[in-house]
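Mind looking over this structure? Questions follow.
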Number of protein chains: 2
Amino acid sequence: MRRARTFEDVLAEIERRIVADGLTPGDRLPGERRLAEQLQVSRSSVREALRVLETLGVVSSQAGRGPDAGAVLTSRPGDALTDLLRLHLGLSSLSMREVVETRMMIEQWSAGRAAGHATAEHLALLRAALANMERSGSVEEFVRHDAGFHLAIAEMSGNRLQAATMRALRAAVEGYAVEAVTRLGGTERLMAEHRAIYDAIAAGDREAAVTATTRHLTHTYPEISEP
Amino acid sequence: MRRARTFEDVLAEIERRIVADGLTPGDRLPGERRLAEQLQVSRSSVREALRVLETLGVVSSQAGRGPDAGAVLTSRPGDALTDLLRLHLGLSSLSMREVVETRMMIEQWSAGRAAGHATAEHLALLRAALANMERSGSVEEFVRHDAGFHLAIAEMSGNRLQAATMRALRAAVEGYAVEAVTRLGGTERLMAEHRAIYDAIAAGDREAAVTATTRHLTHTYPEISEP
DNA sequence: GTCCCCATATGGTCCGACCATACTGTGGTC
DNA sequence: GACCACAGTATGGTCGGACCATATGGGGAC
């Protein structure tokens with residue numbers, strides 16, 4: 001058993017305060033010098049702890065003075081997930097197959113949920129994304145709006161964890177997606193598949209939404225399709 | 001647009017080296033002092049960058065001398081995910097509902113995959129977990145072995161990202177699970193549900209595995225069941 | 001050959017200084 | 001009185017150096 005490092009104590013104390021004081025995004029933490037004094041540790045240790053919290057998307061630091069300065073609590077789990085995936089993919093401790101597979105799982109689930117409780121605003125967002133896709137002048141642009149469509153569905157699911165994960169997964173497979181679309185040639189069939197997903201969600205038909213999503217992704221990433 | 005901080009440059013450079021040199025878990029990074037000299041920055045900045053990488057489960061630092069000392073590349077995405085969930089739950093920027101819902105999604109998916117390609121060793125692991133659950137003397141012990149059962153299924157899916165996520169989700173709902181089992185009274189029905197999942201996986205019946213998993217989780221967390 | 005101890009390389013912590021940034025209050029100007 | 005320029009100040013960002021803690025490896029004593 002290793003003795004806890006100083007910055008880990010700081011980390012634990014900050015986490016304790018967050019829970020005990022019921023802090024939420026928008027609230028501010030004391031300044032680095034003040035925290036160091038309160039906890040009787042050096043400013044370096046406080047800074048390392050804050051760096052960890054920043055990495056996890058829990059705080060955001062801003063120099064200067066005023067209401068927005070200092071360490072402010074935030075909620076950016078997506079950034080942390082994005083970094084996590086990118087680094088582990090780079091390290092080859094995760095494969096593209098695992099990432100795409102996970103994306104497919106979330107998409108199917110979200111599509112089903114979205115079909116369950118889509119509002120008029122949600123549907124308008126999806127239609128806008130579809131229109132943008134149609135107007136795209138390049139594969140990169142198409143993929144970007146494609147991502148917007150799928151992300152909107154993930155957000156419609158009402159589950160922020162899934163939406164954040166989806167965002168991170170999309171970012172991780174960005175280049176891979178461009179390549180996949182290029183390989184497919186035209187975008188006509190892709191557009192039709194997206195419209196089928198939209199229609200199913202708009203109709204509130206969960207089963208059809210899941211099926212359409214599965215068909216779309218299996219077509220786009222045939223090499224990932226389950227055995 | 002904010003200028004990149006020094007430690008972010010260091011981070012980018014280390015990531016670049018990982019990709020360019022094809023480094024994988026087990027490889028070592030130069031020492032902090034040496035990195036600082038190479039990149040012409042202070043040791044503090046190098047340390048902050050390493051702290052970030054450690055948080056993301058990519059490096060592990062060890063003092064002393066010898067082959068295991070220094071910053072070694074690792075692959076612990078699960079630890080990062082666990083911290084991420086715990087902190088965001090504490091911050092109320094994620095709800096228990098979202099976490100449990102996600103867990104259900106992964107469990108269903110894993111069960112289906114596991115039924116597809118279970119080996120004799122995998123099945124033996126599951127049987128051992130079941131036996132441990134039966135022998136448990138307390139709710140806490142039961143939940144621990146219960147976690148082992150579900151985790152084994154996630155690992156059988158052959159997707160490390162899902163397995164790591166599952167581990168983090170379990171850790172996040174640990175206390176919640178104990179409470180849920182206590183509320184249910186006895187563990188007889190739970191045991192029967194687990195056996196049903198095992199039987200379906202052993203028989204290679206994917207549909208039955210998914211159905212049994214859904215029934216089990218819906219029973220255990222009725223408040224989460226989809227509308 | 002074995003054992004012990006010290007040199008050494010590594011991370012961990014602290015301190016103090018200074019820079020960069022951005023608000024805040026003050027005082028002058030019109 | 002309204003406005004503007006500027007100095008003051010609180011905040012994070014970076015640096016350099018010192019010293020401590022830990023763990024290994026090698027050399028000397030036996």
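A, B, ... follow the sequence lines: proteins, then strands. Residue 1 opens every chain.
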Exercise for the section: Name the nucleic acid region contacted by B:Gly64, choosing base, sugar-phosphate or nothing; use a 4.0 angstrom heavy-atom cut-off, strictly under. Expected result: base
Problem - Any donor-acceptor N/O pair under 3.5 Å between D:dT9 base and A:Arg65 side chain - result: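 In this structure, the two groups form a donor-acceptor pair.
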Exercise for the section: Specify the separation, in whole Å, of atom CZ of A:Arg47 and atom P of C:dC19. Expected result: 17 Å
Exercise for the section: Figure out the CG/P separation between A:Leu35 and D:dA10, and round it to whole Å. Expected result: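 My rounded result for the distance is 17 Å.
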Exercise for the section: State which of D:dG12, C:dT10, C:dC14 makes the closest approach to the side chain of B:Arg28. Expected result: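 Closest nucleotide to the B:Arg28 side chain: C:dT10.
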Handout entry: Cationic N near anionic O, under 4.0 Å, B:Glu15 to A:Arg86
Key = yes
Fill in the blank from the handout: Among the nucleotides D:dG13, D:dA23, D:dT14, whichever has the atom closest to the side chain of B:Gln62 is D:dA23
Practice task
Examine C:dG11: is either OP1 or OP2 under 4.0 Å from a nitrogen or oxygen in the side chain of B:Ser61? Give yes or no.
Solution key: no
Completion exercise
note: A:Glu48, atom CD; C:dG11, atom P; distance rounded to Å ~ 12 Å
Practice task
Nearest 0.5 Å please: distance from the CD atom of B:Glu32 over to the OG atom of B:Ser42.
Solution key: 11.0 Å
Practice task
Verify the distance criterion only: is there a donor paired with an acceptor across the side chains of B:Ser95 and B:Glu98 at less than 3.5 Å?
Solution key: yes
Problem - Atom pair distance, as rounded to whole Å: CD in B:Glu32 and C1' in D:dG16 - result: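 About 15 Å, once rounded to whole Å.
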Practice task
Could you check whether A:Ser44 gets within reach of a base, just the sugar-phosphate, or nothing at all, counting any heavy atom under 4.0 Å?
Solution key: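 The answer is base, as A:Ser44 lies within the cut-off (heavy atoms under 4.0 Å) of a base atom.
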Practice task
Would you mind telling me which of C:dT13, D:dG12, D:dC15 lies closest to the side-chain atoms of A:Arg33?
Solution key: D:dG12
Practice task
Look at all strands and tell whether A:Arg51 reaches a base, only sugar-phosphate, or nothing, counting heavy atoms closer than 4.0 Å.
Solution key: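 The answer is sugar-phosphate, as A:Arg51 gets under 4.0 Å only of primed atoms, P, OP1 or OP2.
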Handout entry: B:Leu29 or A:Gln40, whichever maps to the more 5' nucleotide of DNA chain C
Key =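 Its nearest nucleotide lies further toward 5', so the answer is B:Leu29.
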Problem - A:Glu37 CD to D:dG12 P, straight-line distance once rounded to whole Å - result: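 These atoms are roughly 14 Å apart.
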Handout entry: Distance, rounded to the nearest Å, where B:Asp68 contributes CG and C:dG11 contributes P
Key = 13 Å
Handout entry: Distance below 4.0 Å between B:Thr6 side-chain N/O and D:dT14 OP1 or OP2
Key =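 Yes.
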Problem - Whole-Å distance separating the CZ atom of B:Phe7 from the C1' atom of C:dA20 - result: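 Value for this atom pair: 16 Å.
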Problem - Exercise: do A:Thr6 and A:Ser45 side chains pair donor with acceptor under 3.5 Å - result: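 Looking only at side-chain atoms, A:Ser45 and A:Thr6 do not form any donor-acceptor pair under 3.5 Å.
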Handout entry: Between D:dG16 (P) and B:Leu39 (CG): distance, integer Å
Key =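 These atoms are roughly 13 Å apart.
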Problem - Nearest-neighbour nucleotide for the A:Arg5 side chain, D:dC15, C:dG12, C:dC14 considered - result: C:dG12
Handout entry: OG1-CG distance between A:Thr102 and B:Asn159, expressed to the nearest 0.5 angstrom
Key = 4.0 Å
Completion exercise
Among D:dG13, C:dT13, C:dG11, the one nearest any side-chain atom of B:Ala63 is C:dG11
Exercise for the section: Determine the interplanar angle of the B:His150 and B:His216 rings, folded into 0 to 90°, and report it as parallel if under 30°, tilted if 30 to 60°, perpendicular if over 60°. Expected result: parallel
Handout entry: Donor-acceptor pair (no angle test) under 3.5 Å: A:Arg43 side chain, D:dG13 base
Key = yes
